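A quick write-up on the structure given underneath.
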2 protein chains.
Amino acid sequence: MTILRSPRLDDGTARGIPDATVARLPIYLRALNALTERGVSTCSSNELAENAGVNPAKLRKDLSYLGSYGTRGVGYDVEYLRYQIAREIGQTQDWDVVIVGVGNLGSALSAYQGFSTRGIRVAALVDADPRRIGTTISGQTVSSLDDLGAIVSERNISIGIIATPGTAAQEVADRLVAAGITSILNFAPALVQVPDGVDVRKVDLSIELQILAYHEQRKAGTDKVVNA
Amino acid sequence: MTILRSPRLDDGTARGIPDATVARLPIYLRALNALTERGVSTCSSNELAENAGVNPAKLRKDLSYLGSYGTRGVGYDVEYLRYQIAREIGQTQDWDVVIVGVGNLGSALSAYQGFSTRGIRVAALVDADPRRIGTTISGQTVSSLDDLGAIVSERNISIGIIATPGTAAQEVADRLVAAGITSILNFAPALVQVPDGVDVRKVDLSIELQILAYHEQRKAGTDKVVNA
DNA sequence: AGGAGTTTGTGAACGCGTTAACAAAATCGA
DNA sequence: TCGATTTTGTTAACGCGTTCACAAACTCCT
Ligand SMILES: NC(=O)c1ccc[n+]([C@@H]2O[C@H](COP(=O)([O-])OP(=O)(O)OC[C@H]3O[C@@H](n4cnc5c(N)ncnc54)[C@H](O)[C@@H]3O)[C@@H](O)[C@H]2O)c1
Ligand SMILES: NC(=O)c1ccc[n+]([C@@H]2O[C@H](COP(=O)([O-])OP(=O)(O)OC[C@H]3O[C@@H](n4cnc5c(N)ncnc54)[C@H](O)[C@@H]3O)[C@@H](O)[C@H]2O)c1
């Protein structure tokens, strides 16, 4: 009698897609867009899986959580499937984000053109440094951290990006939450505590490189065997 | 009679630490450094786990793959454990990386001070744009992509970062591999194919935000219930 | 010396994610 | 119409990662 986080509810509504699947849906979307650009209008799971770099069985299982959008013996209609995935992950609308901390990384993020094609719009830039406040970065005026609450509610922003030093991360997170933000992407190498109902994802670029370094070290130890 | 990728080999040598554990070891390292700075010389698994934001049992299991470095009834010696983890993940030496593509993101990465304290050294910057080649960014001269092979072998670089547009990613990966690079961190939204023996990790910031957007969409649908 | 208290290291259970395998459902040609 | 062929959707098996729970090992106090 344990309560399961079942992908499908009893009423048949597809809900609660596994995290691992959610993380891959944007990849499929990108692959479908690439197929459209190449003029392909129908594809099999093998074809799409190849383009996305995943196992075909995994792709089909992932898609099965959304519904039954393929045709047996035929495959998937590229445009139709693209729309269904986009709808599922909320890409039929744009999501506004605020970047807090427009230093090296925050500036690079604010200049990135690739977000807009994925339904992400950088709607506001915020910093605490008086020398940065009021300046224009990538066509946007940098606002004060103190105006965060007003900006978030005015522009209906629900996602915040922390690109400040680690020491400021918790304070910034608290302010974002107080302003009504319910999703945070944290680039600072620090743990942030948030109340229930707020999602936090962490991107740690140092760790990515450290993981590669670990494998490099292991390779060095077995190189004689591998290169023999 | 299947061959297992066992954490421990028959001779007792600790090898083949699980991927999930490897990804957390740098977090523990950071937490241990923080404890040292606070003057703490001994800590329990509960204490360290709290600082790292993980379950204590998970922490102990992770550490058990490295060896038995704690004392029952006492806990861990912070400095000793820090050294053991550092040694395990290759942080007793510096790892040199080359950044290919010094645009917005590549420049931000090259300016980042946080890498050096984690054993990562940005040893070279490379670009294909003649207007960038020869300029100085974060105190380093930008070299031509054509000199990649010489730079990599001269400076003994084993890790490459791709920060070029997605369209150039595969070509850059090929060049990195040809130059002798065996680990790649790819920021471009593109799949890159590499030979066996070369590790590739992908960081996709759009997808991180898209995952948050998905959860935002779900929250919107259940808000009435949650906020009731 | 011995018992009470503390904390590690690990065995075992559990759950999630991945993958293989196949029945169901479609197309196509004869 | 029917059999051969293709490809999906799904079930079942498997492996990895997480977590609980506890014996083993240590400290400390009397
Ligand atoms: N630059 C990189 O490539 C890189 C790589 C990995 C991780 N990071 C992490 O990303 C974060 C940002 O890095 P960066 O290189 O852009 O740093 P940076 O120093 O260039 O920029 C930080 C910005 O945050 C602002 N800031 C400081 N405190 C603030 C506060 N309380 N509220 C609002 N703004 C505040 C500063 O004024 C500055 O503009 C850091 O945590 C860093 O560790 C950066
Ligand atoms: N800027 C961001 O915040 C951000 C966010 C997410 C993803 N990305 C991805 O990171 C990558 C870099 O982004 P960016 O904003 O820095 O782009 P950018 O256009 O600012 O810089 C790209 C750089 O790569 C160089 N380049 C192009 N072709 C090259 C080649 N064949 N060899 C070597 N160098 C080459 C260009 O000269 C330029 O300097 C892109 O793939 C982008 O999609 C960037």
Side-chain angles (χ1 to χ4, degrees), chain A residues 1-8 12 14-25 27-28 32 35 40-78 80-81 84-85 88 211, chain B residues 1-8 12 14-25 27-28 32 35 40-78 80-81 84-85 88 211:
Chain A
M1 266 294 286
T2 50
I3 297 173
L4 298 172
R5 186 183 60 92
S6 72
R8 270 172 201 274
R15 288 292 89 192
I17 296 173
D19 292 344
T21 296
V22 171
R24 281 188 296 268
L25 291 178
I27 302 177
Y28 303 151
L32 287 167
L35 287 174
V40 179
S41 61
T42 298
C43 70
S44 67
S45 62
N46 275 324
E47 205 173 342
L48 184 54
E50 178 129 356
N51 276 273
V54 300
N55 182 302
K58 195 192 287 190
L59 169 72
R60 291 201 298 277
K61 181 136 232 304
D62 283 343
L63 295 183
S64 76
Y65 292 119
L66 313 191
S68 188
Y69 298 132
T71 310
R72 297 178 191 218
V74 179
Y76 301 93
D77 181 281
V78 172
Y80 180 61
L81 182 59
Q84 292 299 340
I85 295 178
E88 188 66 41
I211 293 171
Chain B
M1 267 293 286
T2 50
I3 298 174
L4 298 173
R5 185 184 61 92
S6 71
R8 272 170 200 274
R15 287 293 88 194
I17 295 173
D19 292 344
T21 297
V22 171
R24 281 187 296 267
L25 292 179
I27 302 176
Y28 302 151
L32 287 167
L35 288 175
V40 179
S41 60
T42 300
C43 69
S44 68
S45 63
N46 274 324
E47 204 175 342
L48 184 54
E50 178 130 352
N51 275 275
V54 302
N55 182 301
K58 195 191 285 189
L59 168 72
R60 290 200 300 275
K61 185 147 257 291
D62 283 343
L63 295 184
S64 77
Y65 292 120
L66 312 191
S68 187
Y69 298 133
T71 309
R72 298 180 190 214
V74 178
Y76 300 94
D77 181 281
V78 172
Y80 179 61
L81 182 58
Q84 293 299 339
I85 295 178
E88 189 65 41
I211 292 171

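All values below come from the heavy atoms of this structure, side chains included, with hydrogens, waters and symmetry mates left out. Quick caveat, the model's predicted, so the values are computed rather than measured. Reminder, nothing fancy here: chain letters follow the sequence lines and each chain counts from 1.
- Of the candidates C:dG9, C:dT8, D:dT8, the closest approach to any side-chain atom of A:S44 belongs to D:dT8.
- Nucleotide C:dG17 holds its P atom 7 Å from the OH atom of A:Y65, rounded to whole Å.
- For the pair B:R24 CZ and D:dC16 C1', the computed distance is 12 Å after rounding to whole Å.
- The two atoms that bring B:V78 and B:T42 nearest to each other are CG2-N, 3.7 Å, heavy atoms only.
- For C:dT8, the OP1/OP2 oxygens have no side-chain nitrogen or oxygen of B:N46 closer than 4.0 Å.
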### Task
Any chance you could list the contact pattern along nucleotides 21-30 of chain C? Use B for base contacts, S for sugar-phosphate-only contacts and - for none, protein heavy atoms under 4.0 Å, 5' to 3'.
B-BBBSS---

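- The distance from the CD1 atom of B:I85 to the OH atom of B:Y76 is 9.0 Å, given to the nearest 0.5 Å.
- For the residue pair B:D62 and B:T21, a side-chain donor N or O sits within less than 3.5 Å of a side-chain acceptor on the partner.
- A:S44 places a side-chain N or O within donor-acceptor distance of the main-chain N or O of A:E47, the cut-off being under 3.5 Å.
- For D:dG17, the OP1/OP2 oxygens have no side-chain nitrogen or oxygen of B:N55 closer than 4.0 Å.
- A side-chain hydrogen bond (donor to acceptor under 3.5 Å, both in side chains) with B:S45 holds for exactly one of B:K61, B:R60, B:K58, B:E50; it is B:R60.
- Using a 4.0 Å cut-off, some side-chain N or O of B:S45 falls inside it from OP1 or OP2 of C:dT8.
- In this structure, of D:dG9, C:dT18, C:dG9, it is C:dG9 that holds the atom nearest to the side chain of B:Y76.
- With values rounded to the nearest 0.5 angstrom, A:Y69 atom OH is found 6.5 Å from A:E88 atom CD.
- For B:S68, the side-chain atoms get nearest to C:dG9 when compared with the rest of D:dG9, C:dG9, D:dT19.
- The side chain of B:A20 lies closest to D:dG17 when the candidates are C:dT18, D:dT8, D:dG17.
- Distance B:L63 CG to C:dG9 C1': 10 Å, rounded to the nearest Å.
- What separates NZ of B:K61 from P of C:dA13 is a distance of 13 Å, to the nearest Å.
- Taking atom OH on A:Y69 and atom C1' on D:dG9, their separation rounds to 14 Å, with Å as the unit.
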